[in-house]
Amino acid sequence: MVDEGRPLFLQIAESVEDSIIDGSLSEQEQAPSTNELAAFHRINPATAAKGIAMLTDKGVLVKRRGIGMFVADGARELLLTERRSAFADRYLDPLIAEARKLGLGPDDLARLLTERATTTKGTSR
């Protein structure tokens with residue numbers, strides 16, 4: 001999991017987010033504790049706590065005093081919306097800009113995307 005270029009607390013937060021998005025951590029389900037995350041990833045508990053705090057601030061996790069952290073209602077949809085927007089910013093906007101330089105319109109892009117999606121079937125090229 002360790003990506004040397006990104007802070008560990010962000011990687012911890014993203015790992016919990018991934019579990020919520022893929023359904024392995026459901027809404028209202030208890031999230032791993034900071035100590036569990038720290039032990040699993042072999043990091044300082046304060047680092048794990050920083051990642052959990054970030055998710056709490058975003059409204060993805062809620063604290064139940066004396067019990068622990070739980071996945072908030074609507075967390076999955078919140079994360080999907082956020083990730084879709086980030087996907088568009090990171091991948092689609094540059095794609096559209098390059099397509100314009102090449103004289104490709106929306107129909108051309110849609111055709112290319114459809115062709116690639118059906119021929120690669122999820123494999124990387």
Non-hydrogen side-chain atoms of Glu82 and Lys58 separated by less than 4.5 Å: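 Contact flag for Glu82/Lys58 side chains = yes.
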Any side-chain heavy-atom pair of Leu25 and Pro32 under 4.5 Å: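 Side chain of Leu25 against side chain of Pro32, heavy atoms only: contact under 4.5 Å found.
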Determine the minimum heavy-atom distance between [X] and [Y], stating which atoms define it.
X	Y	answer
Asp108	Gly103	OD2-O, 4.2 Å
Ala48	Leu37	CB-CB, 4.0 Å
Met54	Ala13	CE-CB, 3.5 Å

For the pair [X] (side chain) and [Y] (backbone), establish whether a donor and an acceptor sit closer than 3.5 Å, ignoring hydrogens and angles.
X	Y	result
Ser85	Thr81	no
Glu36	Ser33	yes
Gln11	Arg6	yes
Glu115	Leu112	no

Derivation of the side-chain contact (heavy atoms from CB on, under 4.5 Å) call for Ile52 and Met69: CA-CA 9 Å; Ile52 294 298; Met69 302 301 287; 4.0 Å; yes
Arg76/Glu17 salt bridge by N-O under 4.0 Å criterion: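 No, Glu17 and Arg76 are not salt-bridged.
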Test: Asp18 and Arg83 ion pair at under 4.0 Å: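 A salt bridge links Asp18 with Arg83.
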Point-to-point distance, once rounded to the nearest 0.5 Å, from [atom1] of [X] to [atom2] of [Y]:
X	Y	atom1	atom2	result
Ile12	Ile43	CD1	CD1	3.5 Å
Leu92	Ile96	CG	CD1	5.5 Å
Arg100	Leu95	CZ	CG	10.5 Å
Lys50	Thr34	NZ	OG1	14.5 Å
Asp73	Leu78	CG	CG	12.0 Å
Leu79	Glu14	CG	CD	10.5 Å

Distance-only donor-acceptor check, side chains Asp22 and Ser24, under 3.5 Å: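 On atom types as modelled, these side chains qualify, holding a pair under 3.5 Å.
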Could you see if [X] belongs to whatever hydrophobic cluster contains [Y]? Use Ile, Leu, Val, Met, Phe, Trp, Tyr and a side-chain cutoff under 4.5 Å.
X	Y	result
Leu102	Leu109	no
Leu61	Leu8	yes
Phe9	Leu55	no

Test side-chain contact (heavy atoms from CB on, under 4.5 Å) applied to Phe70 and Gln28, step by step: CA-CA 6 Å; Phe70 289 78; Gln28 296 295 320; 5.8 Å; no
CZ (Arg90) with more than 12 external heavy atoms under 6.0 Å: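 For Arg90, atom CZ is not crowded (no more than 12 foreign heavy atoms under 6.0 Å).
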Asp93 atom CG: more than 12 heavy-atom contacts under 6.0 Å: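 Atom CG in Asp93 is packed in, count exceeds 12.
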Residues in salt bridge (Lys or Arg N to Asp or Glu O under 4.0 Å) contact with Glu27, at least two apart in sequence or another chain: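 For Glu27, no residue satisfies salt bridge (Lys or Arg N to Asp or Glu O under 4.0 Å) once neighbours in sequence are set aside.
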